[in-house]
Amino acid sequence: MYSEKVMDHFNNPRNVGELENPSGVGTVGNAKCGDIMRIYLDIDNLGVIQDAKFKTFGCGAAVATSSMATELVKGKTVQEALTVTNKTVMEALDGLPPVKVHCSLLAEEAIHAALWDYAKKHGIEITGLKPPVSDVDEREELLFRHPPK
Ligand code: FES
């Protein structure tokens, strides 16, 4: 049901963790399944993404898509990072079952939310970037500070 690449990124997720003093952070959630994803970006003064990390409280596909999304945005400019959509992430993972497509959407939204945060903090505009669509509430924020054991 899952491709080898999905299983690989689920079993050995890349870029798990957080960044100290990130240039941008994006946290998004899906109200239906309750999964939450946070992505941290380190962006240099030329607007190139030097590092990306993630934390995901969610399903295996959410872990695999965050892992792949962080891999794909590294080395890209903030403008180029916008081309990393859920479709790109799914293709890079050799596909996802239809019921798991929304998990890849969460990865796209988390990247966009982190870029939005970066743009806001630096007073810049990223052409085509829209405000985050699904920001999580305070209760969910607490999960990141006190993750379930
Ligand atoms: Fe919701 Fe995967 S089931 S993100």
Side-chain angles (χ1 to χ4, degrees), residues 1-43 49-121 126-149:
M1 166 172 172
Y2 287 111
S3 73
E4 270 177 35
K5 277 198 192 156
V6 172
M7 291 313 294
D8 177 32
H9 278 263
F10 170 62
N11 286 319
N12 308 295
R14 296 14 163 215
N15 312 312
V16 176
E18 37 190 292
L19 291 176
E20 250 179 70
N21 304 317
S23 317
V25 186
T27 310
V28 294
N30 181 300
K32 273 197 196 141
C33 63
D35 293 348
I36 309 172
M37 195 182 283
R38 173 173 287 178
I39 286 186
Y40 303 79
L41 297 176
D42 176 27
I43 300 166
I49 299 171
Q50 294 295 341
D51 203 3
K53 296 262 187 236
F54 80 90
K55 274 190 165 178
T56 291
F57 293 107
C59 71
V63 171
T65 54
S66 350
S67 168
M68 183 54 92
T70 47
E71 281 290 90
L72 290 173
V73 296
K74 279 200 276 182
K76 288 195 166 51
T77 65
V78 291
Q79 197 66 56
E80 287 166 351
L82 276 192
T83 63
V84 178
T85 63
N86 80 306
K87 207 166 160 259
T88 327
V89 173
M90 278 201 299
E91 277 168 12
L93 287 169
D94 292 338
L96 279 174
V99 292
K100 291 289 172 185
V101 171
H102 79 272
C103 317
S104 62
L105 211 52
L106 213 51
E108 175 187 314
E109 287 168 1
I111 295 281
H112 285 193
L115 289 170
W116 183 265
D117 182 47
Y118 163 77
K120 207 173 60 184
K121 281 184 190 151
I126 302 174
T127 316
L129 180 65
K130 299 198 181 72
V133 286
S134 51
D135 237 341
V136 295
D137 64 23
E138 266 177 37
R139 189 178 46 81
E140 289 167 327
E141 276 283 331
L142 280 175
L143 258 180
F144 284 99
R145 274 178 258 144
H146 308 285
K149 303 233 155 66

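Remember, it's 1-based here, ligands and their atoms both numbered in the order they're listed. Numbers here are sequence positions counted from 1.
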If we ignore angles and hydrogens, is there a donor and acceptor under 3.5 Å between the side chains of N86 and S104? yes
Can you see which heavy atom on A114 is nearest to which on L41, and at what distance? CB-CD1, 3.7 Å
Output the list of atoms in ligand 1 that are nearer than 4.0 Å to some heavy atom of C59, sorted by atom number. 2 (Fe), 3 (S), 4 (S)
Show the atoms of ligand 1 that are less than 4.0 angstrom away from any heavy atom in C33. 1 (Fe), 3 (S), 4 (S)
Give the atoms of ligand 1, by number and element, whose distance to some non-hydrogen atom of D35 is under 4.0 Å. 1 (Fe), 2 (Fe), 3 (S), 4 (S)
Do you know the tightest heavy-atom contact between G29 and L106? C-CD1, 3.7 Å
Supply the atom-to-atom distance K55 NZ to I39 CD1, rounded to the nearest 0.5 angstrom. 13.5 Å
Check whether any N, O or S atom of H102 sits under 2.8 Å from atom 1 (Fe) of ligand 1. yes
Counting only heavy atoms, which portion of C103 has something under 4.0 Å from ligand 1: side chain, backbone, both, or neither? both
H112 and V84 have their tightest heavy-atom pair at NE2-O, 4.5 Å
Atoms of ligand 1, numbered as shown, that sit under 4.0 Å from any heavy atom of K100: 3 (S)
Proximity to ligand 1 by part of N30, non-hydrogen separation under 4.0 Å: neither
Any carboxylate oxygen within less than 4.0 angstrom of a Lys/Arg side-chain nitrogen, looking at K74 and D42? no
